Student: 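I am attaching a structure below and will ask some questions about it afterwards.
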Amino acid sequence: MARARRFWLLKTEPESFSIHDLAASPNQTTCWSGVRNYQARNFLRDDMKPGDGVLYYHSGGDQPAIVGTAVVVREGYADDTAWRKNDHHYDPKASPENPIWQMVDIRLEEIFDAPLPLETLRGVQALEKMELLRRGSRLSVQPVSKAEYEAVLKLAHATPKKNRSKK
DNA sequence: GCCAACGTTGGC
DNA sequence: GCCAACGTTGGC
């Protein structure tokens, strides 16, 4: 029996890897490397499956916001950046024999016409219990309920489009 | 730049 | 196994 599609939220600092970087990647696909938190690792390793929906979140900066969606295209596998000495997320305890850390691949689905800032999300009743909005929530890979995912998409598509430059 | 929240480390 | 110290995240 097919497993139900699940939904996730992935955080990134836009200076490090923004949704525009994702859009510019080959096949608009990237490996989600660099996660160094066990709870997040477990989601990557055990629970995220191809076809799952992803909310793409930009943290930091002057406007933290959900900026688009992506889809999981490859399930968890060893994050080889962990044993690259020059990598920012290098972990001396990791090795090819004992990878410790995991990553998945995701492909861009949609960049929202306008980002959905945290501030906006906080006012939405359907998102009251969303992990992202919990005080002190720092997890960079979080489960999102189907209802929350759908509420976010609805909001994104209801937001009036900004002036788009005519080409 | 501040600081609350939280994870990790390491002494005991 | 406790817990204080420390480092990091990330909103504000």
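Because the structure is predicted, anything quoted here is derived from the model rather than measured.
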Student: Can you tell me how far P of dA5(B) sits from CD of Q142(A), to the nearest Å?
Tutor: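 Q142(A) atom CD is separated from dA5(B) atom P by 17 Å.
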
Student: Just to confirm, is there a sub-4.0 Å distance from OP1 or OP2 of dC6(B) to any side-chain nitrogen or oxygen of R134(A)?
Tutor: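 Indeed, a polar side-chain atom of R134(A) lies that close.
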
Student: Send over the distance from L139(A) CG to dG7(B) P, rounded to a whole Å.
Tutor: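 After rounding, the reported distance stands at 8 Å.
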
Student: Roughly how many Å is it from CG in N37(A) to P in dG10(C), rounded to a whole number?
Tutor: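 For the pair N37(A) CG and dG10(C) P, the rounded distance is 10 Å.
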
Student: With sugar-phosphate meaning primed atoms plus P, OP1 and OP2, does R122(A) contact a base, only sugar-phosphate, or nothing at under 4.0 Å between heavy atoms?
Tutor: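 If one applies the 4.0 Å heavy-atom cut-off, R122(A) turns out to touch the sugar-phosphate alone, with no base involved.
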
Student: Determine: side-chain N/O of Y57(A) to OP1/OP2 of dT9(C), distance under 4.0 Å, yes or no.
Tutor: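 Answer no for this pair, as no side-chain N or O of Y57(A) is under 4.0 Å from OP1 or OP2.
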
Student: Among the candidates dG7(B), dT9(B), dG11(C), find the nucleotide nearest to the side-chain atoms of K93(A).
Tutor: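 Output: dT9(B).
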
Student: For N27(A), look at atom CG and say whether over 12 heavy atoms of other residues, nucleotides or ligands are found less than 6.0 Å away.
Tutor: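 No - once you tally the heavy atoms of other residues, nucleotides and ligands closer than 6.0 Å, there are 12 at most.
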
Student: With a 6.0 Å cut-off (strictly less than), is the heavy-atom count around CD of E15(A), excluding the residue itself, greater than 12?
Tutor: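 Enclosed.
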
Student: May I ask you to evaluate whether K11(A) reaches the phosphate of dT9(C), defined as a side-chain N or O under 4.0 Å from OP1 or OP2?
Tutor: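 No, K11(A) has no side-chain N/O under 4.0 Å of OP1/OP2 on dT9(C).
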
Student: In whole Å, what is the span from the CD atom of E13(A) to the C1' atom of dT8(C)?
Tutor: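 The distance from CD of E13(A) to C1' of dT8(C) comes to 11 Å, rounded to the nearest Å.
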
Student: Just N and O in the side chain of R135(A): are any of them under 4.0 Å from OP1 or OP2 of dA5(B)?
Tutor: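 Checking R135(A) against dA5(B): at least one side-chain N or O falls below 4.0 Å of OP1 or OP2.
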
Student: Measure from the side chain of L118(A), starting at C-beta and using heavy atoms only, and say which of dC12(C), dG10(C), dG7(B) lies closest.
Tutor: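 Nearest to the side chain of L118(A) among the choices is dC12(C).
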
Student: Taking NE2 from H89(A) and P from dT8(C), how many angstroms apart are they, rounded to a whole number?
Tutor: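 It is 12 Å, rounded to the nearest whole Å.
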
Student: Report yes or no: is the cationic atom of R41(A) (NZ for Lys, CZ for Arg) closer than 6.0 Å to the six-membered ring centre of F43(A), at no more than 45° off its axis?
Tutor: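 Negative - R41(A) is either too far from the ring of F43(A) or too far off its axis.
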
Student: When the distance from CD of E119(A) to C1' of dG10(C) is rounded to whole Å, what number comes out?
Tutor: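 E119(A) atom CD is separated from dG10(C) atom C1' by 16 Å.
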
Student: If you measure from the Lys or Arg side-chain nitrogens to the Asp or Glu carboxylate oxygens, is any gap between D91(A) and R84(A) under 4.0 Å?
Tutor: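 Looking at D91(A) and R84(A), the cut-off is not met.
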
Student: Please determine whether a side-chain nitrogen of the Lys or Arg among K154(A) and E150(A) lies less than 4.0 Å from a carboxylate oxygen of the Asp or Glu.
Tutor: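 No, no charged N to carboxylate O under 4.0 Å.
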
Student: When the distance from CZ of R138(A) to C1' of dG7(B) is rounded to whole Å, what number comes out?
Tutor: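 About 6 Å, once rounded to whole Å.
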
